[in-house]
Amino acid sequence: MTKTKRTNGSAIQKRLIPSYIFLSIVSFISVFPFYWMITAATNTTVEVARGKITFGSHALENFRNLTAGQDLWGSLGNSFKYSIAQTIVALFICSLAGYGFELYHDKYKDRVFSILLLAMMVPQVATMIPLFRMMSKMKLLNTVWAFMLPAISTPFLIMMFRQNSRNFPVDILEAARIDGLNEFKIFFKMYMPVMKSTYAAAAVITFMNAWNSYMWPKVVMTDNRAQTMPMLIANVANGYTIDYGLLMTGVLFCSVPTMIVFFVLQKQFAEGITGSVK
Amino acid sequence: MNRKKKEMNITAKQQAAGWAFLTPATLLLVIMSFYPIIQAFIMALKTGSSANMQWCEPITYNFTRMFSDKLFMRSVVNTFLYLLIEVPIMLVLAILLAQLLNNKDLKFKGFFRTCVFLPCATSLVSYALIFKSLFATEGLINSILVKVGILSENFNFLGTTYTAKAIIIIALIWRWTGYNMVFFLAGLQNIEYSVYEAAKIDGASGWKTFWHITVPLLKPTIVMTMIMSINGTLQLFDESVNLTKGGPANSTITMSHYIYNSSFGEGTTNFGYAAAMSFFIFILVAVLAFINMKVGDTRD
């Protein structure tokens, strides 16, 4: 019995060989640019141009050149500051709304909800100019507010929290009310802890989006001191001659935070991407 | 009687709390999304510098102008070209990968999934710059092709219209296939294994099972990923700006990139005209969303 099972197993594995080959090729193509980016950050631009794909010894030199020409720590700090602020505020505002729409829903709120969903149709580029003028009139250019205000309330996050709120046990709500907790305390003390996993997934996806955003920061962060990491590396690549070792060092610094988030919280990231679809 | 009144009071209070919960998000969306799109429309009817804007003469001038603007038309054609080539290839690849990874006999599943998913961990600017460097005239791809003997001398991929477009498409497929695969994996995991067992007993081949069972059951996911991909491609910006700078000679520029250049780029800027063009994208996206709702309605 065990023997036939084993032969069966190896027969199945044999049939899967094309799958393994195909998946290996795709995996290689997916990973290689990362590997190359890291090696390039350790080589001089001449070595990179010559096609060297092994690690070199110029990492420190590239890093020094990068920090000499660009405000690396400032931009890195900005990116962290903006992204973390946006994540915290967006999660709070959108989870409040998702909770309100799901657990207090009635005819009118449902109607408001379906109108809000229309915002999904509004492309970023269409609101860019009016929003820029609004931010500039309110003297918010080059502040964290200009960065995050248009991205705090998103139909995607509201929907994600609303969908996941369906699993929130209503009994708890009733019990808490009988215990005399008011509606807001119920949200903070009951809802937030129960919905931890939704918050985690939403946090990962929001942080990634905020960190990676480029067009909007490029519009409102007109001062170099307010620029983000994607803006910094785009500037490095804009020179007449590109120092590839230096550029890839910048790209590495821009990618490491999101890659750490990816490796540590991959499950939450996948959940965040598919968030509002259930 | 008194008790009933009190109960009503409580419900009213709860309803008020409900409204309070959703007010901040609603207000923000109104101010940051709905109000600006109306403003964009009004702005699209005006002309002049940002400080001193006047109504167009005739009022639809900006809208008619864009259709005779060769550069804008080229950006529309480019965007649709990227869309028509990239989206089908990427989605087929994503379904295929999801299907392979959903096999319960497959080993190293987690490893393969992580690898395929990894490109999503880069920012759009980062990967655009990595591809730009890889395909540069003095880049790795060139040195490999020359060493292998396919090319006799280094070729300027990003400086040649057709190859530059191809590289944008390749880069897009690289970045987004894993992202879409995640949706299909989630969709496949919702399909009961017994359905496949039954098909096997009925003697259906692997291909038949895939075509007649998996694809129909994945239809909602396919529609959704398609809509998302089209929506994203219509708004393509980071890649055009950082990978090719829209070049050579604006031959790879996308709609969003051209609008950005017309409103915040170097040289003369024209908010009114840029707003009109951005309204064009808005209408495309809205039509798309409408079709999505129609298709979505009939899917059950």
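Throughout, a chain's letter reflects where its sequence line sits, starting with A, and its residues are numbered from 1.
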Q: Could you tell me which non-hydrogen atom of A:Ser19 sits nearest to which non-hydrogen atom of B:Leu100, and how far apart they are?
A: OG-CD2, 3.5 Å

Q: Closest heavy-atom contact between A:Thr274 and B:Phe183?
A: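 Minimum heavy-atom contact is CG2-CD2, 3.6 Å.
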
Q: Hey, are the side chains of A:Lys109 and B:Gln15 touching, using non-hydrogen atoms and a 4.5 Å cut-off?
A: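 Heavy-atom side-chain distance check passes, below 4.5 Å.
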
Q: Pick whichever of A:Ala40, A:Cys94, A:Pro257, A:Ala97 has the most heavy-atom pairs under 4.5 Å with chain B.
A: A:Ala97

Q: Heavy-atom pairs under 4.5 Å with chain A: which of B:Lys107, B:Met255, B:Gln235 has the most?
A: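 Of the candidates given, the most pairs with chain A belong to B:Lys107.
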
Q: Does some side-chain heavy atom of B:Met32 sit less than 4.5 Å from a side-chain heavy atom of A:Ser153?
A: no

Q: In Å and rounded to the nearest 0.5 Å, what is the CD1 to CD1 distance from A:Ile129 to B:Ile259?
A: 7.5 Å

Q: Heavy-atom distance under 4.5 Å between the side chains of A:Val219 and B:Tyr260, does that happen here?
A: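 In short, these two side chains touch, coming nearer than 4.5 Å.
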
Q: Please rank A:Cys254, A:Ala234, A:Ser255 by heavy-atom pairs under 4.5 Å with chain B and give me the top one.
A: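 Looking at each option in turn, the highest pair count goes to A:Ala234.
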
Q: Can you tell me which portion of B:Ala20 sits under 4.5 Å from chain A's heavy atoms? Options are side chain, backbone, both or neither.
A: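 B:Ala20 touches chain A through side-chain heavy atoms alone.
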
Q: How long is the gap from CE on A:Met229 to OG on B:Ser126, to the nearest 0.5 Å?
A: 8.0 Å

Q: At what distance, to the nearest 0.5 angstrom, does CE of A:Met208 lie from OG1 of B:Thr122?
A: 9.0 Å

Q: Do the ring planes of A:Tyr214 and B:Phe237 sit parallel (below 30°), tilted (30 to 60°) or perpendicular (above 60°)?
A: tilted

Q: Which one of A:Val112, A:Thr258, A:Ile260 has the most heavy-atom pairs closer than 4.5 Å to chain B?
A: A:Thr258

Q: Can you tell me if A:Trp145 has over 12 outside heavy atoms packed within less than 6.0 Å of its CH2?
A: no

Q: Picking from B:Arg175, B:Lys245, B:Lys132, which has the most non-hydrogen pairs under 4.5 angstrom with chain A?
A: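 Answer, by heavy-atom pair count under 4.5 Å with chain A: B:Lys245.
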
Q: Taking C-beta and beyond as the side chain, do B:Leu106 and A:Leu23 meet within less than 4.5 Å on heavy atoms?
A: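 Answer yes - side chains close enough.
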
Q: B:Trp174 vs A:Phe34 aromatic rings, parallel, tilted or perpendicular, using cut-offs 30° and 60°?
A: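 Correct class here is tilted.
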
Q: Can you name the nearest heavy-atom pair linking B:Ser143 to A:Gly51, along with the distance?
A: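 Nearest heavy atoms, B:Ser143 then A:Gly51: OG-CA, 3.6 Å.
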
Q: Only pairs of heavy atoms separated by less than 4.5 Å count here; which of B:Leu28, B:Leu29, B:Asn242 has the most with chain A?
A: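 The candidate making the most pairs under 4.5 Å is B:Leu29.
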
Q: Could you state the interatomic distance from CD1 (A:Ile273) to CE (B:Met181), rounded to the nearest 0.5 Å?
A: 9.5 Å

Q: Not counting sequence neighbours, which residues clear salt bridge (charged side-chain N to carboxylate O under 4.0 Å, His left out) with B:Arg113? List them please.
A: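 Applying salt bridge (charged side-chain N to carboxylate O under 4.0 Å, His left out) to B:Arg113 gives none.
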
Q: Which heavy atom of B:Leu140 sits nearest a heavy atom of A:Trp36, and at what distance?
A: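 Looking at all heavy atoms of both residues, the closest pair is CD2-CD1, 3.6 Å.
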
Q: Could you state the interatomic distance from OG (A:Ser27) to CG (B:Leu118), rounded to the nearest 0.5 Å?
A: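 The CG atom of B:Leu118 is 10.0 Å from OG of A:Ser27, to the nearest 0.5 Å.
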
Q: Does any non-hydrogen side-chain atom of A:Arg133 lie less than 4.5 Å from one of B:Phe271?
A: yes

Q: Kindly give the heavy-atom pair with the smallest separation between B:Gln39 and A:Pro130, and that separation in Å.
A: OE1-CB, 3.4 Å

Q: Does any non-hydrogen side-chain atom of A:Phe263 lie less than 4.5 Å from one of B:Thr114?
A: yes

Q: Partners of A:Phe28 by ring-ring contact (aromatic ring centres under 6.0 Å, His included), sequence neighbours excluded?
A: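 With sequence neighbours excluded, A:Phe28 shows a ring-ring contact (aromatic ring centres under 6.0 Å, His included) to A:Phe32, given in chain and number order.
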
Q: What's the separation between atom CE in A:Met248 and atom CG in B:Leu134, rounded to the nearest 0.5 Å?
A: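 Rounded to the nearest 0.5 Å, the CE-CG separation comes to 7.5 Å.
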
Q: If I compare all heavy atoms of A:Met134 with all of B:Pro36, which pair ends up nearest, and what's the gap?
A: CE-CG, 4.5 Å

Q: Any idea which of B:Phe117, B:Phe282, B:Phe34 has the most non-hydrogen atom pairs under 4.5 angstrom with chain A?
A: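 Of B:Phe117, B:Phe282, B:Phe34, B:Phe117 has the most heavy-atom pairs under 4.5 Å with chain A.
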
Q: Can you confirm if the aromatic rings of B:Phe21 and A:Phe184 lie within a centre distance of less than 6.0 Å?
A: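 Ring-ring flag for A:Phe184/B:Phe21: true, centres closer than 6.0 Å.
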
Q: Could you tell me which of A:Met231, A:Met215, A:Met37 has the largest number of non-hydrogen atom pairs under 4.5 Å with chain B?
A: A:Met215

Q: Check whether any side-chain N or O of A:Gln13 sits under 3.5 Å from a backbone N or O of B:Asp105 as a donor-acceptor pair, and report yes or no.
A: yes

Q: Who among B:Gly178, B:Ala275, B:Ser133 has the most heavy-atom pairs with chain A under 4.5 Å?
A: B:Ser133

Q: Do you know which of B:Ala136, B:Ala25, B:Cys120, B:Pro24 has the most heavy-atom pairs under 4.5 Å to chain A?
A: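 With the most close heavy-atom pairs to chain A, the winner is B:Ala25.
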
Q: Please say whether more than 12 non-hydrogen atoms of neighbouring residues, nucleotides or ligands are located less than 6.0 Å from CZ in A:Phe22.
A: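 Result for CZ/A:Phe22: enclosed.
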
Q: Do A:Val125 and B:Ile281 make a side-chain contact, defined as non-hydrogen atoms from C-beta onward lying under 4.5 Å apart?
A: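 In contact.
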
